[in-house]
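First comes the structure, then the notes that go with it.
On a predicted model such as this, the values are computed, not experimentally measured, just so you know. All values below come from the heavy atoms of this structure, side chains included, with hydrogens, waters and symmetry mates left out.
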Amino acid sequence: MSDPTSDPAETAVVEPGAESTYDGTDETTLLDRVQAPGGEGREILDAATREVIGRAPVHTVADLNDAIARAKAAQPGWERLGHQQRSAALELAADAVDANAEALARLLSREQGKPLNGPNARFEIGACSAWLRTAAATTLDPEVVVDDGETHAELIYRAVGVVGAIGPWNWPLMIGIWQIAPALRMGNAIVIKPSEHTPLSVLALLSVMNQVLPPDVLTGVSGDREGGARLASHPDVDKIMFTGSTATGRKIIEASAENLARLTLELGGNDAGIVLPGTDPKAIAQDLFWGAFINTGQTCAALKRLYVHDSVYDQVVSELALVAEQSPMGNGLDENNVLGPLQNPQQFDVVSRLVEDAKANGGRIVTGGAPASDLGELFYPITIVADVVDGVALVDEEQFGPALPIIRYSDVEDAIASANRLDLGLGASVWSSDRDEARKVAARIEAGTVWINSHGGVHPMIPFGGVKASGYGLEFGVEGLKAVAVPQVING
Ligand code: NAD
C-alpha cells in the first residue's frame, strides 16, 4: 500500500480529457498479437465449427511470478497518479475497446460460441466499454464517521495493492472487465488469469487496453487450474477477485488462509423464477425466455428453474416454446443467429445428462430434448422440460446451458419454499402484473438480487453479488470500488 496523498504529477502518464488516437484493427491482427508464436502453445478451437482458431500461450510459473513482481513494482506509481488521471486512463481504455469492438466481438464469438447478434458478443464488448466508463466516472469519497467537536474521524479508501483476477468462460470479457475496471480505478495493479477455455479473447482485450495503460498495471497470464491456484495462493497477491464455480471458490478460500488475500467470490447459481397467478403469459414470454437462455443458458445469473402457478402454467409453457421457435441457433458469425453452441464438451455433457435424467424422471419435453448434431458437435437446442418436480437433477443442479425445467405449483408459499430450498442464492425473479405483490414475494427470497418481471439484467451502478454458496462480496458501483480498496481510519 503506498501513500495516496503524495504528488500525483510526478508519475503522470495520461492527460485528463486526452483524446484516443487508437485505430481499430482486424480480428487476425489482434489474434496474432496475443497468440503463442510458431506453433507453440495450446490449440484453441472455434466453439461452433471446432476448427483451430489459434494457439494460447502457456505461461509458466516463472511467467506468473514475473507478472506479479512487475505488478507490485508498478502499483505505487499507478496509485500516485491520482483518481482523475486514472479515470482518464480508463476512459482512453474504453475508447480503445470501442475502436476495436468488431474485431474483439468476432474473436469472442468464435472462441466462446456466442453469436455476434442478440444479447451476445457485440453486446458484451459494449458492456466492457460501459463498465470502464462508469468505473472512471464513479468516486469513492472519504466518509466522516465522527465529527462531534472533540473527535474528527474519517474513513478513507486506499488501493489494496496487487489484485489477482480469475475468470470463467461464459462472459469472459465482460466478467474480466468487472474485475479490471474497479481494481485499476482504485489504484491497484491487476494480474488476470482467464479461463483455459477462452484465453485468446481476454488476452486480446488486454492488448487493446494496454495500448493506453502504463506498463505492468494490467497483465494477463494464460494457464489452467494450476495457474489459477498459484495466482490465488501467491504471497504478493493482496486481493483475489474470482468468478467461477462454487467448488473452485472453496479452494480459493483455502488458499487465502496462507496469504490472507481479501476475496470477492462470484460463484455458481441456480436461480429460481416464480410466475404468480394473474400474470399475462404473452406479456412476459420474451423476457422470461431471455432471462433463461441468454448466452444459450451459459450465464451465472440466468433463470435456471421456473415455478409457474397452475392457473397460467400451460400458457407460459406454450408461449416460451413459441419464442424458442423464433430464435435461430447456429454459427455465431452468421448475423441471423441469436443462440450458439455450448462452449465446451464438458458443459455439453452436463446438459445432455441432465436432460436425459429429467426425461427418465417424468419430465415432458416441450421443445428440444436431444443434441442438435446437424448444427455441429456442441449444439444443444433450446430445451423446455415441463412437469418436473423438485428433487429431479435438472432442477436441483446448475445446468448452465439451454435446458429449462418448468415446475407447476398451486400455493405461492410452496413456490417460495422451493426457491429457497437450495444452497445457492445468486439471483431470482418474480413475475406478476401486481408489482406490490411481487415485491412482497421478492423480499422473502434468499438471493443477492431479485428481479421483478425480468431476470439477470445488470447495471454498472447497481451492486451485484450472491448469498449462501453463490459467494460473497459485491461488484459494481460504489460498493464495487470498496471491494478493491482497503479502508483506513484517519483519526484527528
Ligand atoms: P471453474 O470454477 O471451473 O473455473 C473458473 C476459473 O477458475 C478458471 O479460470 C479456472 O482455470 C480457475 N480455477 C480452477 N481451479 C482453480 C483453483 N483451484 N484455484 C484457482 N483457480 C482455479 O468455473 P467455470 O466452469 O469456468 O464457470 C462456470 C461457473 O461459474 C458456473 O458455476 C457459473 O454459475 C459460475 N459463474 C458465476 C458468476 C457470478 O457472477 N456469480 C459469473 C459467471 C459464472
Side-chain angles (χ1 to χ4, degrees), residues 19-20 22-27 30-31 47 87 89-138 165 167-182 184-185 192 194 198 200-213 218 243 266 286-287 290-291 293-296 298-302 327 332-340 343 451 454-462 464 475-477 480:
E19 300 239 328
S20 167
Y22 301 95
D23 293 332
T25 186
D26 62 85
E27 173 198 344
L30 205 51
L31 186 58
S87 288
L90 291 191
E91 280 287 350
L92 287 185
D95 290 345
V97 170
D98 286 344
N100 290 279
E102 191 60 15
L104 285 168
R106 291 181 68 83
L107 183 53
L108 172 63
S109 175
R110 296 181 67 202
E111 188 179 44
Q112 203 287 327
K114 63 184 66 188
L116 291 170
N117 282 329
N120 293 301
R122 288 182 179 129
F123 165 83
E124 182 164 352
I125 307 302
C128 290
S129 161
W131 253 263
L132 279 167
R133 292 189 200 286
T134 303
T138 307
W169 47 261
N170 57 340
W171 292 89
L173 303 198
M174 187 169 77
I175 288 172
I177 284 289
W178 291 354
Q179 301 167 328
I180 293 166
L184 290 179
R185 173 69 185 78
I192 179 164
T198 49
L200 292 174
S201 47
V202 176
L203 294 178
L205 174 71
L206 302 191
S207 96
V208 164
M209 292 176 67
N210 272 324
Q211 292 178 311
V212 305
L213 293 171
L218 171 62
T243 299
E266 295 285 3
Q286 280 283 344
D287 289 334
W290 286 110
F293 296 112
I294 183 167
N295 198 22
T296 316
Q298 301 160 106
T299 298
C300 50
S327 307
L333 297 183
D334 180 332
E335 300 278 349
N336 290 321
N337 293 327
V338 289
L339 297 159
Q343 201 278 332
W451 288 274
S454 69
H455 196 117
V458 285
H459 182 289
M461 285 307 287
I462 301 178
F464 177 73
E475 297 189 291
F476 313 163

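- Side-chain atoms of Thr299 come within 3.5 Å of backbone N or O of Ile294 as a donor-acceptor pair.
- One finds the CG atom of Leu200 at 11.0 Å from the CD atom of Glu27 (value rounded to the nearest 0.5 Å).
- Rounding to the nearest 0.5 Å gives a distance of 7.5 Å between CD1 of Ile125 and OG of Ser201.
- In terms of heavy-atom proximity, Leu132 sits nearest to Ala181 at CD2-CB, 3.9 Å.
- Within the 4.5 Å cutoff, side-chain heavy atoms of Pro172 are placed close to those of Gln112.
- Note: Ile175 CD1 to Trp131 CH2 = 10.5 Å, rounded to the nearest 0.5 Å.
- The closest side-chain heavy-atom distance from Pro119 to Trp290 is below 4.5 Å.
- When all heavy atoms of Gln179 and Ala165 are compared, the closest pair comes out as OE1-CB, 3.3 Å.
- Contact between Thr198 and Pro194 at its shortest, heavy atoms only, is O-CB, 4.2 Å.
- At a threshold of 4.5 Å between non-hydrogen side-chain atoms, the residues Val208 and Thr25 do not count as touching.
- Minimum heavy-atom separation, Ala204 to Leu30: CB-CG, 3.8 Å.
- At distances below 3.5 Å, not a single donor-acceptor pair connects side-chain atoms of Ser109 with backbone N or O atoms of Ala105.
- Between the CG atom in Leu108 and the CG atom in Asn120 there is a gap of 9.0 Å [rounded to 0.5 Å].
- When atom types are taken as modelled, the side chain of Gln343 and the backbone of Glu111 share a donor-acceptor pair closer than 3.5 angstrom.
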### Task
Would you sort out whether Trp178 and Thr243 count as a side-chain contact (heavy atoms from CB on, under 4.5 Å), showing the intermediate values?
CA-CA 10 Å; Trp178 291 354; Thr243 299; 5.8 Å; no
### Task
Evaluate side-chain contact (heavy atoms from CB on, under 4.5 Å) for Leu218 paired with Met209, printing each intermediate quantity in order.
CA-CA 9 Å; Leu218 171 62; Met209 292 176 67; 4.0 Å; yes
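- Interatomic distance, CD of Glu91 versus OG of Ser129, reported as 8.5 Å (0.5 Å rounding).
- Between Asp95 and Val212, the closest side-chain pair of non-hydrogen atoms is not below 4.5 Å.
- Minimum heavy-atom separation, Trp451 to Ala301: CH2-CB, 4.1 Å.
- Of all the heavy atoms in Val97 and Cys128, the pair that sits closest is CG1-CB, 4.3 Å.
- By the 4.5 Å heavy-atom criterion applied to side chains, Asp287 and His455 are not counted as neighbours.
- A donor-acceptor contact shorter than 3.5 Å links the side chain of Thr296 to the backbone of Gly340.
- Taken to the nearest 0.5 Å, the CG atom of Leu31 stands 10.0 Å off from the OG atom of Ser207.
- Asn337 has its side chain out of reach of Lys114: every pair of non-hydrogen atoms, C-beta onward, lies at least 4.5 Å apart.
- Counting only distance, with no hydrogens or angles, the side chain of Asn295 and the backbone of Trp171 share no donor-acceptor pair below 3.5 Å.
- Taking Glu475 as the reference, nothing meets the side-chain hydrogen bond (donor to acceptor under 3.5 Å, both in side chains) condition, with sequence neighbours excluded.
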